[in-house]
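Computed from a predicted structure; not experimentally measured.
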Amino acid sequence: MKEENNLLRKVGKKDHFRVPDRYFEDFSKELMNNLPEKETFDATQEITMWQRVKPWLYMTAMFCGIMLSVKLFVGDPQQEEFISIPPIEAESLTDEDWKHLIDQSMIDDYSLYELLTDTENNINY
């Protein structure tokens, strides 16, 4: 509080910002005089075919670009290639081969039992 009083004594409460007399009365007139003349638009100017087609051409190019970029990033679904392996006769496999096949097939016991009983009964799907 003491500091504020000291500052007010030094500076005072007088408003130091002043506007010249009649400044705002002539302001709009002076501003309008300083502006450049307004350009007139010639309505008889003919629009060429290129000016009509250009926005459509640009829009078409934009959509083609979007489609290409999506195709590049997403890509086509890859088709899996199946390798044809000649069928193996069940009788030609040894017990070790069967154990290895069953272990690698990740089949549970119940599904294996179903598969073996269906095969023995000659049930074809």
CD-CG distance between E4 and N6, expressed to the nearest 0.5 angstrom: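 Spacing of CD (E4) from CG (N6) equals 10.5 Å.
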Kindly write out the residues that satisfy side chain to side chain donor-acceptor pair (under 3.5 Å) with R18, not counting sequence neighbours, or none if the list is empty.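 Testing R18 for side chain to side chain donor-acceptor pair (under 3.5 Å), a comparison that skips the adjacent residues, returns none.
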For N33, which residues count as a side chain to side chain donor-acceptor pair (under 3.5 Å) partner, sequence neighbours excluded?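 Partners of N33 under the side chain to side chain donor-acceptor pair (under 3.5 Å) test: none.
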Joint hydrophobic cluster, V74 plus F63, side-chain heavy atoms closer than 4.5 Å: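 Yes, one cluster joins them.
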Verify the neighbour count for atom [atom1] of [X]: are there more than 12 heavy atoms of other residues, nucleotides or ligands below 6.0 Å?
X   : atom1 : answer
M62 : CE    : yes
M59 : CE    : yes
D95 : CG    : no

Any idea which heavy atoms bring Q51 and E46 closest together, and the distance?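 For Q51 and E46, the tightest heavy-atom pair comes out as OE1-O, 4.2 Å.
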In the structure I gave you, are the side-chain heavy atoms of H100 and D97 within less than 4.5 Å of one another anywhere?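 Result no, sub-4.5 Å side-chain heavy-atom pair not found.
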